[in-house]
Q: 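Encoded as structure tokens, here's the structure I'll be asking about.
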Amino acid sequence: MELLEIDLEGGNSWEPAAGAGSPGPQRQGARGRGGSSADSLAEEEEEEEEDPAGRYRSTSSLVSGLLTELYSCGGRARHRDSVDSSTEASAGSDIFPGGRGNSAESRFLQELQQRPSQRHQIEYLGQKDADELATIVRELNYRICVQSAKLLRHLKQKDRLLHKVQKNCDIVTACLQAVSQKRRVDTKLKFTLEPSLGQNGFQQWYDALKAVARLPTGIPKEWRRKVWLTLADHYLHSIAIDWDKTMRFTFNDRSNPDDDSMGIQIVKDLHRTGCSSYCGQEAEQDRVVLKRVLLAYARWNKSVGYCQGFNILAALILEVMEGNEGDALKIMIYLIDKVLPDSYFVNNLRALSVDMAVFRDLLRMKLPELSQHLDTLQRAANRESRGGYEPPLTNVFTMQWFLTLFATCLPNHTVLKIWDSVFFEGSEVILRVALAIWAKLGEQIECCETADEFYSTMGKLTQEMLEDNLIDSNELMQTVYSMAQFPFPQLAELREKYTYNITPFPAAVKSTSVSGRLGRTRDSDEENDLDDEDSVANAVGCLGPFSGLLAPELQKYQKQIKDQNEEQSLGSSNIAELSPGAIDSCRSEYHAAFNSMMMERMTTDINALKRQYSRIKKKQQQQVHQVYIRAGSEDDDPGILLDPRDQLNNGI
Amino acid sequence: MGTAEEDYNFVFKVVLIGESGVGKTNLLSRFTRNEFNHDSRTTIGVEFSTRTVMVGNAMVKAQIWDTAGLERYRAITSAYYRGAVGALLVFDITKHQTYDVVERWLKELYDHAEATIIVMLVGNKTDLAQAREVPTEEAKMFAENNGLLFIETSALDSTNVEQAFETILRDIFSKVQKQQQRSPQDNAVSLSSENPHGGSQTPEEKRACCISL
């Protein structure tokens, strides 16, 4: 019964004793406690030696017990004991009326308390005759009863409160189940404030809090810190981290050889979080803490280190963690290492680029009209600037939204709600939120007639989103949860596709030499198209995913451009006019630049290729395994299972 | 800016590049909003701002792309170099390191942008004259040798900010004009006569600037 850990207020409390009313158990109880106090135990033994007469033994132990009672009365305030409240209750009510208001008894006790040491007290008690001792015992019993009753009241109150908490938790559970989708898992929801012990306990807590986060009100802000920490702690526990050691290492005051370059960048960015509380003289201390957290994360995860944007994330995390740097580090680790996709902030922000591309596909699926409109604007911009190139229009915004998890584009209370959701539902929430925002802005965007107009409009809208609550957080989150089931259908496949799909080289690269003044032939047109297509495809720096295995839209687009160019070339009598000198002269340079870009991409892609290869290999192994199993090889001979793998390895 | 924002004959895309912390964002905010903020947020990826100015007899809308200086953002931000007709390559005159890497930035830019892009080297933070580490002459020489425009600015006290942007826009503009004179039939835009009311232009006309540099 954990409810019995009790904090009795003040020094006037008496140690609760089992069966306080009757002398027998009282003595036992006293003896037990005597054991806990080395002094009194020693006294007791001493006395036994001094006084060999057996009949005194009970008296001396009684004395010792009494002394312990007296001691504990003035001493410790916190006790740990077990009490059977029912017996105590009856005992208390029996004894209560007796022995009250006897001044002689009080006098004895007072005198006893005045003795300077335990030895003197023993002497004092030794001088008393049996009657007097009996009086003292009565008095003590009386006082014990009073305290017991008090304790009992507290216990009952605590019990009541616990029941109330339990009941409230049950109500929350009922509410959660009522608003849930009533799937089988939902019926198992059970709300608790903290995870109970064991993996199941955590899961139960996690599911319930996840459901709370889905409510329109979300996670109450008073809970946030604890909830985030519970999640982070669980993650750190799962990867078997010695946190104290980690803290010592990451927050070490001595600088680390790796720190230098990172430290410089971190210091540059401390006052540039966009959060006013880190600016100015008076925020010096806050900046020091922010720096320590950022440096700590960089030391913790050297491969990620520090990335601009972390300053913004950490500033907000520190706010939630009330400035506790260790807690903030935990959340940083949980967020960046666990929740967000790998390589979100490293390797040229590869995973981020992937998500930007994935997002455009999701936009196409969920908001086809808007997506089409944006594509049209981009295409138009590309067409008009020929040699130039317009990146996908959404990129500017999604890049920033994703990197700072919306901290730079929405008000803090909305951002925190989103983060709650990201922590519980995973990184797909980021894509969902982005979709919800575009859906909300869609109407105004569809009015834009050019890419330029689009950017201007978005400039205004993003300002309004941040400052004027253009987006209602409840509405936003409801859209986020209702737009698709969890996990988002096809998301995993799309992410995989854009992460591992390697773009085949377009033929254009080989024909660089063709370009130049001669080159305004049909071939050259095609080449141009390929470039255009590729520029769309590779909209995102290191990404080379779309082309080759083009989405039908892109193929249509390619065709469209080709048609247009054909029309142009047919319609014009003077081919040279179509390609003014400036274009041709820069064309080969353009191709050179393009080639170098492709080379870069290729090297970037090689790692991805390797990863993809190892995955394919793994899949093959699994398949081989399955084949073996299906072929009826009943005994699990590891030799058989290893064989195909060896063959695979040899075949490489 | 009001209605002036809507009426323009050209859109010029200009990128701001250079090391982290040299003051790109403040140069931009000084030019487009006449604001300066010591604690402006770090640029994440790419951000943009616009301002329409009169160049010669035409209204030019400068669409300025502010890029993050941090190395690992480069793969993403370089995509925005490609459509640009101008670039301001900014360094901090009080930090020699930011000047040392100008050449690398230039290469990066030419790797991704059109070869005809007009580049201006900008030494920012002249208000911190006492902490100067890069002599004006040195930077000027480098700019001349590499065919770059050159100017020194202070976003803090507004010195030369306006001039910097105006100079590069004028240069781009005259290049566009020359282009048009060379191939008049090809280009739909004729500055003096055909676009008397800029606001009603078709998108193609507005964008004509970017066509054939």
Side-chain angles (χ1 to χ4, degrees), chain A residues 265 268-269 271-274 276 278-280 307-309 311-312 345-349 352-353 356 380-381 384-391 395-396 399-400 403-404 408 449-450 452-453 455-456 459 535 538-542 574 577-578 580-583 585-586 589-590 593 596-597 600 604, chain B residues 5-6 8 11 13 20-21 25 37-50 61 63 65 68-85 110-116 175 178-179 182-183 185-187 202-213:
Chain A
Q265 187 61 51
K268 261 189 202 170
D269 292 346
H271 63 108
R272 304 200 288 167
T273 60
S276 57
Y278 288 90
C279 307
C307 179
Q308 268 182 348
N311 54 338
I312 295 164
F345 298 99
V346 287
N347 198 2
N348 291 328
L349 316 187
L352 175 83
S353 310
M356 281 156 67
E384 289 144 25
S385 63
R386 280 187 244 171
Y389 148 79
E390 188 71 52
N395 278 13
V396 187
M399 190 195 315
Q400 197 181 96
L403 272 176
T404 62
T408 51
E449 287 171 3
T450 63
D452 174 51
E453 208 180 321
Y455 284 128
S456 304
S535 53
N538 293 302
V540 185
C542 55
N574 184 354
E577 276 173 18
L578 274 175
I583 286 187
S585 63
C586 76
E589 283 174 68
Y590 167 70
S596 83
M597 209 162 75
E600 252 171 58
T604 327
Chain B
E5 184 69 19
E6 307 307 319
Y8 52 88
V11 182
K13 262 197 205 175
S20 165
T25 303
N37 179 5
H38 262 295
D39 306 310
S40 62
R41 186 169 51 69
T42 45
T43 307
I44 304 296
V46 183
E47 291 169 26
F48 66 90
S49 197
T50 58
K61 180 169 181 178
Q63 193 186 78
W65 294 83
L70 200 71
E71 176 84 36
R72 64 181 83 180
Y73 280 112
R74 214 109 2 122
I76 289 184
T77 54
S78 59
Y80 289 85
Y81 300 171
R82 246 174 101 180
V85 290
Y110 287 135
D111 275 354
H112 297 98
E114 305 294 304
T116 49
K175 203 161 190 173
K178 259 185 236 155
Q179 193 64 60
R182 235 186 300 165
S183 51
Q185 291 133 294
D186 180 44
N187 209 312
T202 65
E204 281 78 9
E205 285 167 332
K206 279 187 185 175
R207 294 206 141 262
C209 62
C210 307
I211 285 183
S212 41
L213 279 183

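Computed from heavy atoms alone, side chains included, the values below leave out hydrogens, waters and symmetry copies. These figures come from a predicted structure and were not determined experimentally. Chain A is the first sequence line, chain B the second, and so forth, proteins listed ahead of strands; every chain is numbered from 1.
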Q: What part of A:Thr273 gets closer than 4.5 Å to chain B, counting heavy atoms only: side chain, backbone, both or neither?
A: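 Contact with chain B is through the backbone of A:Thr273 alone.
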
Q: Given side chains that start at C-beta, do those of B:Val46 and A:Met399 come closer than 4.5 Å, heavy atoms only?
A: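 Side-chain contact under 4.5 Å: yes.
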
Q: With heavy-atom distances below 4.5 Å as the criterion, would you say the side chains of B:Ser20 and A:Arg272 are in contact?
A: yes

Q: Would you call A:Asp452 and B:Tyr8 a side-chain contact if the rule is heavy atoms closer than 4.5 Å?
A: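 SC-SC contact between A:Asp452 and B:Tyr8 confirmed.
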
Q: State which residue, out of A:Thr408, A:Thr404, A:Asn311, fulfils the side-chain contact (heavy atoms from CB on, under 4.5 Å) condition with B:Arg41.
A: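 One option only clears the test, and that one is A:Thr408.
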
Q: My understanding is that only residues two or more places apart in sequence, or in another chain, count here; which of them pass ring-ring contact (aromatic ring centres under 6.0 Å, His included) with A:Phe345?
A: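 Residues passing ring-ring contact (aromatic ring centres under 6.0 Å, His included) with A:Phe345: A:Phe310.
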
Q: Which value, rounded to the nearest 0.5 Å, describes the distance between B:Ile76 atom CD1 and A:Leu349 atom CG?
A: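 Answer rounded to 0.5 Å: 4.5 Å.
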
Q: Might you work through the side-chain hydrogen bond (donor to acceptor under 3.5 Å, both in side chains) test for B:Thr42 and A:Lys268, ending with a clear yes or no?
A: CA-CA 9 Å; B:Thr42 45; A:Lys268 261 189 202 170; over 6 Å; no

Q: Salt bridge between A:Glu390 and B:Lys13, side-chain N to carboxylate O under 4.0 Å?
A: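 A salt bridge links A:Glu390 with B:Lys13.
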
Q: Has the side chain of B:Tyr73 got a donor or acceptor atom that lies under 3.5 Å from a matching backbone atom of A:Gln308?
A: yes

Q: Could I get the full list of side-chain contact (heavy atoms from CB on, under 4.5 Å) partners for B:Ser49, not counting sequence neighbours?
A: B:Leu28, B:Thr32, B:Arg33

Q: I want to check something: taking the side chain as every heavy atom from C-beta on, are A:Val396 and B:Glu47 in contact at a cut-off of under 4.5 Å?
A: no

